[in-house]
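Accompanying notes for the structure given below.
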Amino acid sequence: TTEIYTLSLLDALPICEARRPGRALDVLLRRLSTEASGENRAGTHPHTTTRVALTCRRPMSLVFGKYEKIRRIAQGGMGEVFLARQTGVLDRLAILKQLRPDLASEREFVDQFLDEARVAATLNHPNIVSIYDVGEFNSTYYIAMEYVPGEDLSKLWYAAAKAGVGLPFQVSVRICFEAALGLDHAHKARDVRGSPLNIVHRDVSPQNIMVRGDGVCRFHFVPVAPK
(Lines give C-alpha, C1' and ligand atoms only; values in the text may rest on other atoms or scores of the structure.)
Protein backbone atom coordinates (compact mmCIF):
# COMPACT_ATOMS: atom_id res chain seq x y z
CA THR A 1 0.00 0.00 0.00
CA THR A 2 1.05 3.62 -0.44
CA GLU A 3 0.61 6.18 2.31
CA ILE A 4 0.95 9.95 1.83
CA TYR A 5 2.33 12.02 4.69
CA THR A 6 3.24 15.67 5.10
CA LEU A 7 6.56 15.67 6.89
CA SER A 8 9.44 18.00 7.52
CA LEU A 9 12.30 17.39 5.11
CA LEU A 10 14.39 15.69 7.77
CA ASP A 11 11.47 13.46 8.78
CA ALA A 12 10.98 12.34 5.21
CA LEU A 13 14.51 11.58 4.13
CA PRO A 14 15.26 8.69 6.53
CA ILE A 15 12.03 6.94 5.54
CA CYS A 16 12.45 7.03 1.78
CA GLU A 17 14.64 4.49 0.04
CA ALA A 18 18.18 5.66 0.69
CA ARG A 19 19.20 6.74 -2.78
CA ARG A 20 21.07 9.71 -1.32
CA PRO A 21 21.88 8.69 2.26
CA GLY A 22 24.10 11.72 2.90
CA ARG A 23 21.40 14.23 2.00
CA ALA A 24 19.75 14.35 5.41
CA LEU A 25 23.09 14.95 7.09
CA ASP A 26 23.94 17.73 4.65
CA VAL A 27 20.65 19.45 5.37
CA LEU A 28 21.05 18.98 9.12
CA LEU A 29 24.58 20.33 9.12
CA ARG A 30 23.56 23.38 7.13
CA ARG A 31 20.61 24.05 9.41
CA LEU A 32 22.65 23.71 12.61
CA SER A 33 25.47 25.87 11.23
CA THR A 34 23.00 28.53 10.11
CA GLU A 35 21.27 28.52 13.47
CA ALA A 36 24.57 28.85 15.34
CA SER A 37 25.79 31.80 13.27
CA GLY A 38 22.39 33.51 13.17
CA GLU A 39 22.37 33.51 9.39
CA ASN A 40 18.81 32.69 8.40
CA ARG A 41 17.97 33.85 4.92
CA ALA A 42 14.82 35.92 4.50
CA GLY A 43 11.90 33.86 3.31
CA THR A 44 13.36 30.53 4.42
CA HIS A 45 11.15 28.75 6.93
CA PRO A 46 13.02 26.33 9.27
CA HIS A 47 10.23 23.79 9.08
CA THR A 48 9.70 23.54 5.32
CA THR A 49 7.51 20.55 4.53
CA THR A 50 7.24 18.22 1.61
CA ARG A 51 4.73 15.55 0.59
CA VAL A 52 6.32 12.13 0.45
CA ALA A 53 4.87 8.84 -0.77
CA LEU A 54 5.83 5.88 1.40
CA THR A 55 5.45 2.45 -0.12
CA CYS A 56 5.63 -0.45 2.32
CA ARG A 57 4.21 -3.93 2.71
CA ARG A 58 1.30 -4.38 5.04
CA PRO A 59 2.45 -6.87 7.71
CA MET A 60 0.41 -9.90 8.73
CA SER A 61 -0.07 -8.43 12.23
CA LEU A 62 0.66 -5.18 14.05
CA VAL A 63 3.05 -5.28 17.01
CA PHE A 64 0.97 -4.66 20.18
CA GLY A 65 -1.94 -4.31 17.78
CA LYS A 66 -0.87 -0.86 16.57
CA TYR A 67 2.77 -0.68 15.35
CA GLU A 68 3.44 -1.40 11.68
CA LYS A 69 7.09 -2.07 10.77
CA ILE A 70 8.38 0.03 7.85
CA ARG A 71 12.03 -1.01 7.59
CA ARG A 72 14.98 -2.20 9.68
CA ILE A 73 17.42 0.55 10.61
CA ALA A 74 19.91 -1.27 12.86
CA GLN A 75 20.93 -4.76 13.95
CA GLY A 76 23.05 -5.83 16.89
CA GLY A 77 23.96 -8.73 19.13
CA MET A 78 20.75 -8.59 21.16
CA GLY A 79 18.24 -7.67 18.50
CA GLU A 80 17.02 -5.41 15.73
CA VAL A 81 15.68 -1.86 15.51
CA PHE A 82 12.87 -0.88 13.13
CA LEU A 83 11.33 2.32 11.93
CA ALA A 84 7.59 1.86 12.47
CA ARG A 85 4.26 3.60 12.17
CA GLN A 86 1.82 3.73 15.05
CA THR A 87 -1.71 3.28 13.74
CA GLY A 88 -5.16 3.74 15.24
CA VAL A 89 -6.12 6.78 17.31
CA LEU A 90 -2.57 8.12 17.04
CA ASP A 91 -0.90 8.11 13.62
CA ARG A 92 2.80 8.79 14.01
CA LEU A 93 6.26 7.37 13.42
CA ALA A 94 7.94 5.34 16.15
CA ILE A 95 10.98 3.16 16.79
CA LEU A 96 10.66 -0.55 17.65
CA LYS A 97 13.49 -2.36 19.37
CA GLN A 98 13.08 -6.14 19.13
CA LEU A 99 14.90 -8.76 21.20
CA ARG A 100 16.27 -11.59 19.09
CA PRO A 101 13.80 -14.53 19.17
CA ASP A 102 16.54 -16.99 20.12
CA LEU A 103 17.28 -14.90 23.24
CA ALA A 104 13.65 -14.77 24.37
CA SER A 105 14.13 -18.03 26.29
CA GLU A 106 17.18 -16.69 28.13
CA ARG A 107 15.91 -15.08 31.35
CA GLU A 108 19.05 -12.98 31.77
CA PHE A 109 18.68 -11.30 28.37
CA VAL A 110 14.93 -10.79 28.78
CA ASP A 111 15.41 -9.16 32.20
CA GLN A 112 18.14 -6.88 30.86
CA PHE A 113 15.99 -5.90 27.88
CA LEU A 114 12.92 -5.15 29.99
CA ASP A 115 14.90 -3.38 32.72
CA GLU A 116 16.23 -0.91 30.13
CA ALA A 117 12.68 -0.06 29.15
CA ARG A 118 11.34 0.15 32.71
CA VAL A 119 14.05 2.59 33.72
CA ALA A 120 13.68 4.74 30.60
CA ALA A 121 9.88 4.80 30.93
CA THR A 122 10.15 6.55 34.30
CA LEU A 123 11.99 9.50 32.72
CA ASN A 124 10.07 12.49 31.40
CA HIS A 125 12.39 15.20 30.07
CA PRO A 126 12.70 17.27 26.85
CA ASN A 127 16.18 15.86 26.22
CA ILE A 128 15.34 12.16 26.74
CA VAL A 129 13.66 9.89 24.17
CA SER A 130 10.23 8.79 25.42
CA ILE A 131 9.12 5.16 25.79
CA TYR A 132 5.64 4.31 24.46
CA ASP A 133 5.18 0.57 25.10
CA VAL A 134 7.10 -2.48 26.25
CA GLY A 135 6.20 -6.14 26.48
CA GLU A 136 5.84 -9.48 24.72
CA PHE A 137 4.04 -9.95 21.41
CA ASN A 138 3.85 -13.28 19.57
CA SER A 139 6.67 -14.69 21.72
CA THR A 140 8.94 -11.74 20.88
CA TYR A 141 9.85 -8.88 23.23
CA TYR A 142 9.57 -5.31 21.96
CA ILE A 143 10.19 -1.77 23.15
CA ALA A 144 8.30 0.99 21.31
CA MET A 145 9.79 4.44 21.63
CA GLU A 146 9.67 7.95 20.24
CA TYR A 147 10.99 8.56 16.73
CA VAL A 148 13.40 11.51 16.65
CA PRO A 149 13.60 13.19 13.21
CA GLY A 150 17.30 13.82 12.76
CA GLU A 151 20.63 12.00 12.98
CA ASP A 152 22.74 10.64 15.78
CA LEU A 153 25.79 12.62 16.85
CA SER A 154 28.31 10.08 15.51
CA LYS A 155 26.92 10.44 11.96
CA LEU A 156 26.87 14.21 12.37
CA TRP A 157 30.53 14.24 13.38
CA TYR A 158 31.45 11.95 10.50
CA ALA A 159 29.61 14.11 7.97
CA ALA A 160 31.26 17.25 9.31
CA ALA A 161 34.72 15.67 9.23
CA LYS A 162 34.16 14.33 5.71
CA ALA A 163 33.13 17.80 4.56
CA GLY A 164 36.21 19.28 6.25
CA VAL A 165 34.16 21.82 8.19
CA GLY A 166 33.78 20.54 11.75
CA LEU A 167 30.81 21.29 13.96
CA PRO A 168 30.47 24.98 14.87
CA PHE A 169 31.55 25.73 18.44
CA GLN A 170 28.09 27.00 19.40
CA VAL A 171 26.47 23.80 18.13
CA SER A 172 28.92 21.57 20.02
CA VAL A 173 28.30 23.48 23.25
CA ARG A 174 24.54 23.24 22.81
CA ILE A 175 24.67 19.48 22.20
CA CYS A 176 26.83 18.91 25.29
CA PHE A 177 24.62 21.19 27.39
CA GLU A 178 21.35 19.49 26.43
CA ALA A 179 22.82 15.99 26.79
CA ALA A 180 24.02 16.97 30.27
CA LEU A 181 20.52 18.20 31.16
CA GLY A 182 19.08 14.82 30.19
CA LEU A 183 21.68 12.93 32.20
CA ASP A 184 21.19 15.20 35.22
CA HIS A 185 17.45 14.50 35.15
CA ALA A 186 18.10 10.75 35.03
CA HIS A 187 20.61 10.88 37.89
CA LYS A 188 18.09 12.72 40.09
CA ALA A 189 15.05 10.64 39.07
CA ARG A 190 12.82 9.06 41.72
CA ASP A 191 10.13 6.40 41.57
CA VAL A 192 6.44 6.95 42.39
CA ARG A 193 7.19 6.45 46.10
CA GLY A 194 9.88 9.13 46.04
CA SER A 195 12.82 6.76 46.35
CA PRO A 196 15.95 7.49 44.25
CA LEU A 197 16.26 5.29 41.17
CA ASN A 198 20.08 5.56 41.17
CA ILE A 199 20.22 5.49 37.36
CA VAL A 200 23.56 5.24 35.59
CA HIS A 201 23.43 5.29 31.78
CA ARG A 202 26.53 3.10 31.12
CA ASP A 203 26.60 3.94 27.39
CA VAL A 204 27.03 7.70 26.99
CA SER A 205 28.20 7.56 23.38
CA PRO A 206 27.58 9.73 20.28
CA GLN A 207 25.36 7.11 18.60
CA ASN A 208 22.91 7.34 21.51
CA ILE A 209 22.57 11.13 21.25
CA MET A 210 20.05 12.19 18.62
CA VAL A 211 20.16 15.70 17.13
CA ARG A 212 16.84 16.86 15.69
CA GLY A 213 16.50 19.04 12.61
CA ASP A 214 15.89 22.08 14.81
CA GLY A 215 19.07 21.36 16.81
CA VAL A 216 17.38 19.93 19.91
CA CYS A 217 19.24 17.01 21.52
CA ARG A 218 17.49 13.82 22.69
CA PHE A 219 19.23 11.09 24.70
CA HIS A 220 18.46 7.38 24.16
CA PHE A 221 18.23 5.63 27.51
CA VAL A 222 17.35 2.45 25.64
CA PRO A 223 20.38 2.14 23.30
CA VAL A 224 19.41 1.63 19.67
CA ALA A 225 22.96 1.37 18.29
CA PRO A 226 24.24 -2.15 17.49
CA LYS A 227 26.63 -3.60 20.05
Side-chain angles (χ1 to χ4, degrees), residues 1 3 14-15 17-18 54-125 128-155 182-183 186 189-193 195-210 218-227:
T1 59
E3 304 286 350
I15 303 170
E17 293 300 323
L54 304 182
T55 302
C56 55
R57 293 180 178 177
R58 183 71 62 180
M60 294 299 293
S61 59
L62 301 176
V63 177
F64 298 142
K66 55 186 171 182
Y67 296 103
E68 175 184 20
K69 293 179 183 178
I70 296 176
R71 65 180 175 90
R72 187 173 63 190
I73 58 177
Q75 184 174 12
M78 285 189 64
E80 300 174 295
V81 180
F82 296 88
L83 178 66
R85 172 194 170 195
Q86 182 176 347
T87 62
V89 177
L90 297 177
D91 190 354
R92 59 183 175 180
L93 296 175
I95 295 295
L96 281 179
K97 184 175 181 181
Q98 170 187 315
L99 183 66
R100 273 175 35 196
D102 60 300
L103 298 179
S105 59
E106 301 288 338
R107 193 71 249 170
E108 179 183 356
F109 288 105
V110 172
D111 288 344
Q112 179 182 338
F113 186 82
L114 296 179
D115 283 346
E116 285 181 352
R118 291 191 190 100
V119 169
T122 64
L123 304 176
N124 182 14
H125 190 271
I128 295 176
V129 174
S130 299
I131 300 298
Y132 295 154
D133 288 293
V134 60
E136 182 183 1
F137 177 78
N138 287 348
S139 303
T140 302
Y141 289 90
Y142 289 92
I143 300 172
M145 66 188 86
E146 174 188 8
Y147 166 71
V148 180
E151 297 291 347
D152 70 61
L153 183 55
S154 64
K155 292 180 181 177
L183 285 171
R190 295 176 177 270
D191 62 21
V192 294
R193 293 177 294 276
S195 302
L197 288 171
N198 299 318
I199 296 173
V200 177
H201 191 285
R202 296 191 304 174
D203 192 11
V204 181
S205 54
Q207 59 265 35
N208 284 323
I209 300 175
M210 296 296 300
R218 307 283 293 226
F219 224 124
H220 272 296
F221 268 74
V222 175
V224 296
K227 295 292 185 180

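Note that the structure is a prediction, hence the values are computed from the model and not measured. Along the sequence shown, the residues carry numbers beginning at 1.
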For Arg190 and Leu197, what are the C-alpha separation, side-chain angles and deciding distance, and is it a side chain to side chain contact (heavy atoms under 4.5 Å, CB included)?
-> CA-CA 5 Å; Arg190 295 176 177 270; Leu197 288 171; 5.6 Å; no
Check the pair Leu83, Ile95 against side chain to side chain contact (heavy atoms under 4.5 Å, CB included), reporting the backbone distance first and the verdict last.
-> CA-CA 5 Å; Leu83 178 66; Ile95 295 295; 4.2 Å; yes
In sequence, state the C-alpha distance, the side-chain angles, and the governing distance for Val204 and Leu183, and then conclude on side chain to side chain contact (heavy atoms under 4.5 Å, CB included).
-> CA-CA 9 Å; Val204 181; Leu183 285 171; 4.1 Å; yes
Kindly determine whether Val81 and Gln98 satisfy side chain to side chain contact (heavy atoms under 4.5 Å, CB included), including the steps that lead there.
-> CA-CA 6 Å; Val81 180; Gln98 170 187 315; over 6 Å; no
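Side-chain contact check for Ser205 and Asp203: at least one donor-acceptor pair (N or O, by modelled atom type) lies under 3.5 Å. The closest side-chain donor-acceptor pair between Gln207 and Lys155, if any, does not fall under 3.5 angstrom.
Considering only heavy atoms from C-beta on, Thr122 stays 4.5 Å or farther from Ile131 through its side chain. Within the 4.5 Å cutoff, no side-chain heavy atoms of Leu153 are placed close to those of Asn208. Between Ile70 and Phe82, every side-chain heavy-atom pair lies at or beyond the 4.5 Å cut-off. Side-chain contact check for Ile143 versus Leu96: every heavy-atom pair is 4.5 Å or farther apart. The shortest side-chain heavy-atom distance between Arg100 and Glu80 does not fall under the 4.5 Å cut-off. No side-chain heavy atom of Phe219 sits less than 4.5 Å from a side-chain heavy atom of His125.
Put simply, the side chain of Thr87 gets close to the backbone of Lys66: a donor and an acceptor are under 3.5 Å apart. In this structure, the side chain of His201 engages the main chain of His220 through a donor-acceptor pair within 3.5 Å. Remark: the backbone N or O of Phe64 is not paired with any side-chain donor or acceptor of Asp133 at under 3.5 angstrom. At least one donor-acceptor pair closer than 3.5 Å links the side chain of Asp152 to the backbone N or O of Ser154. Not a single donor-acceptor pair under 3.5 Å links the side chain of Arg85 to the backbone N or O of Glu68.
For the side-chain contact (heavy atoms from CB on, under 4.5 Å) test with Tyr141, the passing option among Val110, Val134, Leu103 is Val110; the others fail.
For CG of Asn124, the number of neighbouring non-hydrogen atoms (other residues, nucleotides, ligands) closer than 6.0 Å is 12 at most.
Between Glu146 and Arg218 a salt bridge is recorded (basic side-chain N to carboxylate O distance below 4.0 Å).
By the 6.0 Å and 45° rule, Arg92 stacks over the aromatic ring of Tyr132.
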